[in-house]
Enquirer: 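Below you'll find the structure I mean.
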Amino acid sequence: MRFAISLLVFICVASLIGTVLPQNQASNTYIDQFGPFWFAVFDQFSIWHIYNSPWFLLIMAFLVVSTTLCVMRNTPKMLRDMRTFREYVRGSSLKAFHHKVDVDSALSPDQAVEQVGALLRRQGFRYRVRADGDSRMVAAKKGAANRLGYIFAHVAIVVICLGGLLDSELPVRLQVWLFDKQPVVGNMLISDVPESGRLSARNPSFRANMLIPDGKQSSMGIVSSGQGVLLQPLPFAIRLKKFYVEYYDTGMPSDFRSDVTVTDLATGKSFDQTIKVNEPLRYKGVTVYQSSFDDGGSTLQLKAWPLSGTESQPLDLSGAVGGNARLPAALGAQTVDYTGLRVINVENMGGNGDPQPVDLIRDVAAVTGSAVRPRSDDLRNVGPSVQYRLVGADGQAHEFTQYMLPVRIDDFPMFLLGTRNTAAEPYRYLRIPADDQGTMREFMQLRAALADPELRDQAARRFAERNAPAGEQRDLMFQAAQGALRTFSQRGFNGIIDSAPQDQREKILNFAVPMIQLSLQELRLLMRERQHLPALPDSGPQAEHEAQWLRLSVLALASLPDYPAPAALQLSSFHQIQASVFQVARSPGKNTVYLGCLLLVLGVFSMFYIRERRVWVWIRPSDAGSSWLAAMTTQRRNLDFNHEFERLRDALRRLGGSHDN
Amino acid sequence: MTTDILTPDAAALWARDMNTSGDRRGRRGRPDWTDFAFFLLLAVGAGHVLTSYGQFMDYYEKLILICAVGLFSWLGWLWRPMRVLMITAGASALLAIWLYSPTGALLQGDLSRAESNFLLKYLLSSQSAILWMCALFVLATVCYWIGFASKTAAWLGTVLTWGAVYAGLTGLLVRWREGHLMGPDIGHIPVSNLYEVFVLMSLITALFYLYYERRYATRALGGFVLLVISSLVVFLLWYSFARDAYQIQPLVPALKSWWMKLHVPANFIGYGTFSLAAMVGFAYLVKSHGETRTWKPLIPVFLLGAVLCAEPLVFGSRELSATWMLYFGIGALIVGTILAFRAPIAQRLPSLELLDDIMYRAIAVGFAFFTVATILGALWAADAWGTYWQWDPKETWALIVWLNYAAWLHMRLMKGLRGSMAAYWALSGLLVTSFAFLGVNMFLSGLHSYGAL
């Protein structure tokens with residue numbers, strides 16, 4: 001048993017490691033975390049797949065063998081012990097028992113046997129009487145099933161491990177080894193996969209994934225194996241009629257279900273069924289579970305707004321999620337990977353500041369009452385968003401997210417253009433104010449105008465004219481504005497203060513910011529004249545709105561140089577196609593494991609709650625009638641046993657009608 | 001002629017006032033007319049529910065309701081005070097439901113009544129009731145400790161603990177209702193996230209403690225067991241105030257299953273009794289060191305106690321919040337004070353044999369239910385995620401906890417391990433249990449991340 005215990009400790013530690021280190025991730029994640037040297041060391045021990053590693057399985061195997069041996073060794077003994085009444089115990093040896101009692105009684109031995117027998121029966125004992133000359137030995141026992149509990153519980157462990165083995169990765173690995181299968185790495189059409197990449201349709205144990213877009217059909221599961229995947233043909237084909245996801249107000253999914261049609265490949269018959277998260281489909285020994293969902297290749301129409309150069313007209317782009325497209329040559333001809341489309345984005349538009357300290361009373365009052373407290377949250381669905389990936393001018397890949405519709409922030413509708421370098425970071429947003437028509441057009445035109453040196457100069461001139469008296473001051477102001485606008489257009493505000501010494505920066509900004517703002521105002525007016533747009537009002541709420549627009553545009557323009565893409569892609573329309581992700585499994589060991597579980601529960605409860613007791617009463621004739629010596633024993637001594645013995649002792653004494661010698 | 005009832009002189013042979021049933025009967029015996037009346041009451045109630053609201057329930061829910069009638073009747077026979085508890089908490093919850101429906105039609109309800117109606121606002125609405133539970137538990141802790149010097153205080157401790165259990169149970173039942181009032185698909189049994197299970201665990205631990213208190217006729221352990229319940233309460237309050245965690249959240253699709261009603265409570269019977277056993281182990285160590293004059297043998301106990309108090313610090317180590325520093329400080333102080341006063345405390349604690357017996361009993365029942373809960377979890381996982389065992393961190397840690405206590409039981413049953421070693425082991429088992437309960441949710445990601453902090 002000590003061996004088993006050390007094995008168990010080993011398993012505990014190994015399992016622990018497996019919980020702390022995320023398992024089954026891509027190798028680069030681990031290399032990033034541990035560095036190449038330690039990665040190589042840990043890899044030797046298969047720490048990334050610890051639960052399926054050979055040494056872990058070996059330990060489990062040892063455990064199973066050790067438990068089996070233990071059970072095999074003890075069971076015959078226990079079964080024998082369970083059945084025997086041990087009536088051949090000698091009367092005198094009862095004196096050696098710790099829990100014993102002597103009773104004198106007026107009853108004759110045979111009467112005593114009857115009465116004692118009746119008492120024992122009432123207490124739940126079964127007994128056997130052995131006659132030994134004039135004496136009688138009543139040997140009783142109860143709760144023998146306690147031993148059965150031990151046997152059940154330990155057999156259960158073996159059964160569960162064996163069943164689990166059948167359902168583990170082992171059968172697939174065995175097939176890969178026996179039949180020389182080669183896992184497929186990289187993308188390939190299903191029809192191109194060779195025989196070595198497919199498992200047999202009669203594979204008795206597997207766990208596979210299936211991604212089926214709306215309206216499509218598949219009869220092939222994907223089993224992951226080693227570094228690649230293997231194909232698993234199923235005995236039926238599943239066609240996803242429609243995938244539904246329902247949401248709560250908070251934007252969290254409340255339910256997903258797939259309406260599928262299942263067609264038996266052998267007979268051609270088909271039937272419909274709905275698969276939900278806790279309601280899998282079971283057919284022909286294969287179970288299909290609703291695992292998650294994904295995009296099934298939604299088609300996208302986008303507009304690409306150039307972010308450099310003097311052109312402000314957007315170019316049209318189209319593609320599908322999961323696919324890619326090339327930006328037009330005018331924008332750099334890079335490849336855009338469309339990674340996602342989210343049709344519903346529920347965001348919390350409420351106050352996001354740090355919680356302010358409140359007095360305790362208010363806090364207590366705040367948490368009393370019903371558990372439904374209207375929060376300061378303002379949850380709103382802000383509309384669809386698209387995610388894509390682009391390689392920037394710096395050669396690094398960036399991820400982008402774009403909301404299709406303007407979002408009202410601080411009471412002004414703005415387009416949010418998010419970017420991040422890796423999935424681990426949060427998105428940083430560029431906020432572009434929406435113009436009167438609710439588009440980015442005016443902003444983009446402003447940007448294009450800023451990039452045009454001729455227009456910049458003109459705007460600077462107008463600024464100088466408006467704000468400085470004629471003469472040298474005006475010239476100086478013009479030059480300052482011209483330079484500032486040029487620097488600003490290339491590198492934003494940072495460009496202006498970068499070259500200045502630290503202590504001067506604030507002063508320079510105090511001067512430069514209004515100058516740029518006013519110059520850009522001129523630029524905007526200039527641009528609007530060129531486009532034959534109506535004049536902006538001078539006063540009133542509309543004027544205030546326009547002034548706000550300009551302020552936000554300045555901020556956006558200042559951040560634009562940090563946006564790592566040559567164009568801003570805006571979603572103009574889409575057609576969503578969802579895909580349902582199923583997990584498909586054949587688990588031959590499942591019923592074995594369930595049987596083991598039942599045995600385990602029965603065993604554990606029997607071991608604790610069925611109390612095994614043995615009682616012997618040696619009745620021998622005496623002058624007064626008979627004299628009894630009773631003893632009680634149990635495998636497990638605890639407080640209860642003492643009290644049970646005391647009750648038995650008192651009952652026997654009452655029966656005997658006399659007191660202790 | 002034998003009798004099934006204890007005769008007076010036989011009773012005197014037992015420890016004073018101790019009984020196997022934990023209530024006035026002394027021994028359980030056969031069910032009597034009160035048990036049948038209780039069963040009838042439950043059956044009538046269930047029947048009413050099935051006829052009036054049966055169309056809203058699916059097959060499994062009806063089955064669970066019917067089985068619940070049997071289970072609760074049996075529970076009432078097992079321990080009489082449960083009947084009183086169930087009736088009072090049930091009646092209070094029904095009152096709250098009625099108060100929530102201004103028109104009297106119970107299917108409709110108005111949550112804003114929690115603001116206007118006095119009873120709801122201060123007593124019966126779920127959060128108010130749960131806060132009362134927290135306050136009563138803390139008061140009970142104090143009373144039990146004073147109870148080492150005063151019998152009345154100890155009695156008060158028992159009363160307050162019962163009050164807390166009643167309040168907590170009412171709170172959970174009303175919370176169940178409030179969830180349904182929030183929206184058609186939002187209501188669910190309140191065992192679905194970390195907040196709710198904290199309340200459940202406090203209740204279960206307290207109930208088991210109260211049972212053992214009656215059964216072994218000693219109030220001396222109240223202070224110890226209520227220490228762990230108080231730390232649960234502190235965590236609950238922190239979680240409510242700092243993270244707004246008390247709000248009822250709708251269920252994610254994976255949790256929308258009748259399995260939750262079985263798996264989660266069974267699990268917390270396990271966790272609750274393991275915590276209780278750990279505290280009894282602590283009491284054992286205090287008693288066994290009651291006569292020691294030097295500090296050195298006490299160091300392991302103090303360290304263990306301090307580490308347990310430090311656990312939340314470690315968990316919340318992202319920000320060393322003031323609450324947890326304070327908690328650790330006060331916790332260490334409490335452990336130190338208990339050890340300093342070990343002599344008088346040890347005198348009032350029951351015998352070592354009795355403490356050992358309670359530890360064994362608690363761990364045995366906890367282990368049995370934990371086994372059941374893990375198996376139910378596996379069955380549920382098979383239905384929901386496609387496989388019954390995935391070495392998910394929570395599942396793996398459940399296995400580690402199971403193995404830990406299986407080892408403890410093995411050592412005791414096969415090798416006869418008793419005494420201080422068993423007590424130390426039970427106490428350190430709390431570390432493993434609390435990591436499996438909390439640490440996994442907070443640190444390790446996986447399929448079980450329903451209660452992230």
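Letters A, B, ... mirror the listed sequences (proteins, then strands); counts begin at 1.
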Enquirer: Which heavy-atom pair separates A:Tyr594 from B:Ala382 by the least distance, and what is that distance?
Expert: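 In this case the closest contact between A:Tyr594 and B:Ala382 is OH-CB, 3.2 Å.
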Enquirer: Chain A: which of B:Thr387, B:Val372, B:Leu123, B:Leu181 shares the most heavy-atom pairs with it under 4.5 Å?
Expert: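 Of the candidates given, the most pairs with chain A belong to B:Thr387.
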Enquirer: How close do A:Tyr609 and B:Ala364 get, counting heavy atoms only, and between which atoms?
Expert: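 In terms of heavy atoms, the two residues are closest at OH-C, 4.3 Å.
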Enquirer: Side chain from CB out, backbone as N, CA, C, O: work out which of these in B:Val365 comes under 4.5 Å of a heavy atom of chain A, or both, or neither.
Expert: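 It is both, since atoms from each part get that close.
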Enquirer: Nearest 0.5 angstrom please: B:Tyr388 OH to A:Ser587 OG, how far?
Expert: 6.5 Å
Enquirer: Measure distances from B:Ala129 to the heavy atoms of chain A and classify the residue's part below 4.5 Å as side chain, backbone, both or neither.
Expert: neither
Enquirer: Got a sec, which residues hit side-chain contact (heavy atoms from CB on, under 4.5 Å) with A:Asn278, two or more places apart in sequence or on another chain?
Expert: B:Ser257, B:Trp380, B:Ala384
Enquirer: Is A:Ser291 in contact with chain B via its backbone, its side chain, both, or neither, using a 4.5 Å heavy-atom distance?
Expert: neither
Enquirer: Restricting to non-hydrogen atoms, name the atom on A:Phe608 and the atom on B:Ala368 that form the minimum distance, rounded to 0.1 Å.
Expert: CD1-CB, 4.3 Å
Enquirer: Who wins among A:Thr287, A:Leu600, A:Val584, A:Ile11 for the most heavy-atom pairs under 4.5 Å with chain B?
Expert: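 Greatest number of close heavy-atom pairs with chain B: A:Leu600.
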Enquirer: With the side chain counted from C-beta on, respond yes when A:Leu8 and B:His410 share a heavy-atom pair under 4.5 Å apart, and no when they do not.
Expert: no
Enquirer: Where does B:Arg418 contact chain A at under 4.5 Å (heavy atoms): side chain, backbone, both or neither?
Expert: side chain
Enquirer: Between A:Lys276 and chain B, with a heavy-atom cut-off of 4.5 Å, which part of the residue counts as in contact: side chain, backbone, both or neither?
Expert: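 Neither the backbone nor the side chain of A:Lys276 comes within 4.5 Å of chain B.
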Enquirer: Would you give the length of the straight line joining atom CG of B:Asp383 to atom OH of A:Tyr289, rounded to the nearest 0.5 angstrom?
Expert: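 Taking CG in B:Asp383 and OH in A:Tyr289, the distance rounds to 7.0 Å.
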Enquirer: Would you mind writing out the side-chain donor-acceptor pairs for residues 398-409 of chain B within the sub-3.5 Å range, not counting sequence neighbours?
Expert:
unit_1	atom_1	unit_2	atom_2	d
B:Trp402	NE1	B:Thr371	OG1	2.9
B:Asn404	OD1	B:Trp425	NE1	2.8
B:Tyr405	OH	B:Gly429	O	3.4
B:Tyr405	OH	B:Thr433	OG1	3.4
B:Trp408	NE1	B:Ala422	O	2.9

Enquirer: At what distance, to the nearest 0.5 angstrom, does CH2 of B:Trp389 lie from CD1 of A:Ile160?
Expert: 9.5 Å
Enquirer: I'd like to check A:Arg257 versus B:Pro253 (side-chain heavy atoms, cut-off strictly below 4.5 Å). Are they in contact?
Expert: no
Enquirer: Among the options A:Asp167, A:Leu652, A:Leu598, pick out the one with the most heavy-atom pairs lying under 4.5 Å from chain B.
Expert: A:Asp167
Enquirer: So what's closer than 4.5 Å to chain A heavy atoms on B:Tyr360: side chain, backbone, both or neither?
Expert: side chain
